[in-house]
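For reference, the structure discussed in these notes is given below.
Every number for a ligand or one of its atoms is a count from 1 in the order of the listing. None of the values given here were measured: they were computed from a predicted structure.
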Amino acid sequence: MSDIKKSRRLFDVAKQYIPGGVNSPVRAFGSVSDTPRFIKSADGCYMTDVDGNKYIDYVCSWGPMILGHNNEKIRQNVSRAICDGLSFGAVTEIEVEMAQFICDNIAHIDMVRMVNSGTEAVMSAIRLARGYTKKDKIIKFIGCYHGHSDYMLVKAGSGAMTAGTPDSAGVTEGNAADTLTANYNDIDSVEELFIANRGQIAAVIIEPVAANMGVVLPKKDFLQKLRQLCDDNKTLLIFDEVITGFRLQFGGAAQQFDITPDLSVYGKIIGGGMPVGAYGGRREIMSLVAPLGSVYQAGTLSGNPIAMTAGLTQLKIIHEDENFYKKLNLRAGKFFNSIEILIKQYKMPLRCNYIGSIGTIFFSEEIVYDYESAKQTNTGKFADFFRYMLSNGVYTSPSQFEAMFISAAHKDAELETTLDSIENYFKSKQ
Ligand SMILES: *Cc1c(COP(=O)(O)O)cnc(C)c1O
């Protein structure tokens, strides 16, 4: 076991002053019964903790660092922007550039509004959908995570699922009453809700590839049928692309599966490591947002110039490289496929779900296609695997119900080292 004295000490102090010692629950390593490593610095695909341990990082800040950590160009541009001041609370050129860049390069976005997190982007998109349709109810999918706003903390994934408390205290029945839940990959469950609530559904919100109950792929035609149901019922389809946007392809899952959502929500990668979220869509709908229209939404630090600089620099680096996604997805695909081969070779009772550069190793033999099947996994065995990998210098998501993220900075050497560690773990279980 590597020395983690400083992390232990810091965590003890942290727990006195911060609830659970963390500013976001899953960082506490609770479900894997380990001490969170306090990170001092990161570069490329490596992170170094305060005790000097170095890890190959498969969390990538939960997705944003698709170019790897500490990208030189982003760092330079941010350093330069900081010299001009941190925030003005007034309009800036860089926000216009960001908005134009997104609208020019994502076919179904005519207008976009910047906010400060994925949570905020989801809240805003839902308010807009209700304002536009003049209907109240929202359909979400069990196990999908859309941030921590009250009415989205109903049968949510991610940390809420890890903790075994999908519904949060403090969310009133009134808050939750307009949120209807369907089963992921089960179009009949959606249709039933539409029938039982005819004319009342403002929007269906979905992670087009679910990544907060572990990575769960949409079945063939599921998203197409969802699009059709929304059209038939004059309901807006909202793609929460906080993880998949700029991840699977530049245009996210919408591009990958060739589906046009009415509204799209972004976060994570769009900020390049800074707190940014965004929502956008057709001009006709977005024109309802204040001050143009009657749906109010605001933010003191929205479109912050430093955050915009980090995000736009990252998006431009990705976009300038025509083969960016081809290369990244190929390398990641080879990696996840090698894991599948090892699983078969060592007859491990596991499954690997993956698409593009995200994937999850499920500690279950059964196919994982929704919340119920994801819950069949053995989280105790996952925790054992997690601790083994971490003590061998591989930092994966400290929960069974999250994705592993591969960045452009993960090269063959690191991926092979990781595969060796996985193979050694499998060998130790024979
Ligand atoms: C992370 C995430 C969110 C919330 O974003 P925050 O920036 O953490 O508020 C929303 N939706 C999905 C799909 C996410 O993965």
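Polar contact with ligand 1: present for Gly118 (N/O pair, distance under 3.5 Å). For ligand 1, one of its N or O atoms has an N or O atom of Tyr145 under 3.5 Å away.
The Ile243 neighbourhood of ligand 1 comprises atoms 15 (O), with distances under 4.0 Å to a heavy atom of that residue. The ligand atoms of ligand 1 that sit less than 4.0 angstrom from a heavy atom of Ser117 are 7 (O), 9 (O). Near His146, meaning under 4.0 Å from any of its heavy atoms, are these atoms of ligand 1: 10 (C), 11 (N).
Regarding atom 11 (N) of ligand 1, its nearest protein heavy-atom neighbour is Asp240 OD2, 2.7 Å. In this structure, atom 4 (C) of ligand 1 lies nearest to the protein heavy atom Thr119 N, 3.7 Å.
Using a 4.0 Å cut-off between a side-chain N of Lys or Arg and a carboxylate O of Asp or Glu, Asp231 and Arg227 qualify as a salt bridge.
Note on ligand 1: Lys268 sits in its first shell, one or more heavy atoms being nearer than 4.0 Å.
Residues Phe246 and Ile66 come closest through the heavy atom pair O-CD1, 3.4 Å.
If you look at Asn212 next to ligand 1, the close heavy atoms, those under 4.0 Å, all belong to the side chain. The side chain of Glu207, and not its backbone, has at least one atom closer than 4.0 Å to an atom of ligand 1 (non-hydrogen atoms only; side chain from C-beta on).
Heavy atoms of other residues, nucleotides or ligands lying less than 6.0 angstrom from CZ of Phe88 number more than 12.
When Gly147, Ser24, Ala403 are ranked by how near their heavy atoms come to atom 10 (C) of ligand 1, first place goes to Gly147.
Between Tyr145 and Phe401, the ring centre distance reaches or exceeds 6.0 Å. For Phe222 and Tyr184, the ring centers sit closer than 6.0 Å to each other. Between Phe335 and His410, the ring center distance fails the sub-6.0 Å criterion.
Residue pairs meeting the salt bridge (charged side-chain N to carboxylate O under 4.0 Å, His left out) criterion with at least one partner in residues 279-290, sequence neighbours excluded, are Asp262-Arg282, Arg282-Glu284.
Taking the side chain to side chain contact (heavy atoms under 4.5 Å, CB included) definition, one finds that Asn197 meets it with Lys137, Leu180, Leu193, Gln200, Ile201, sequence neighbours left out.
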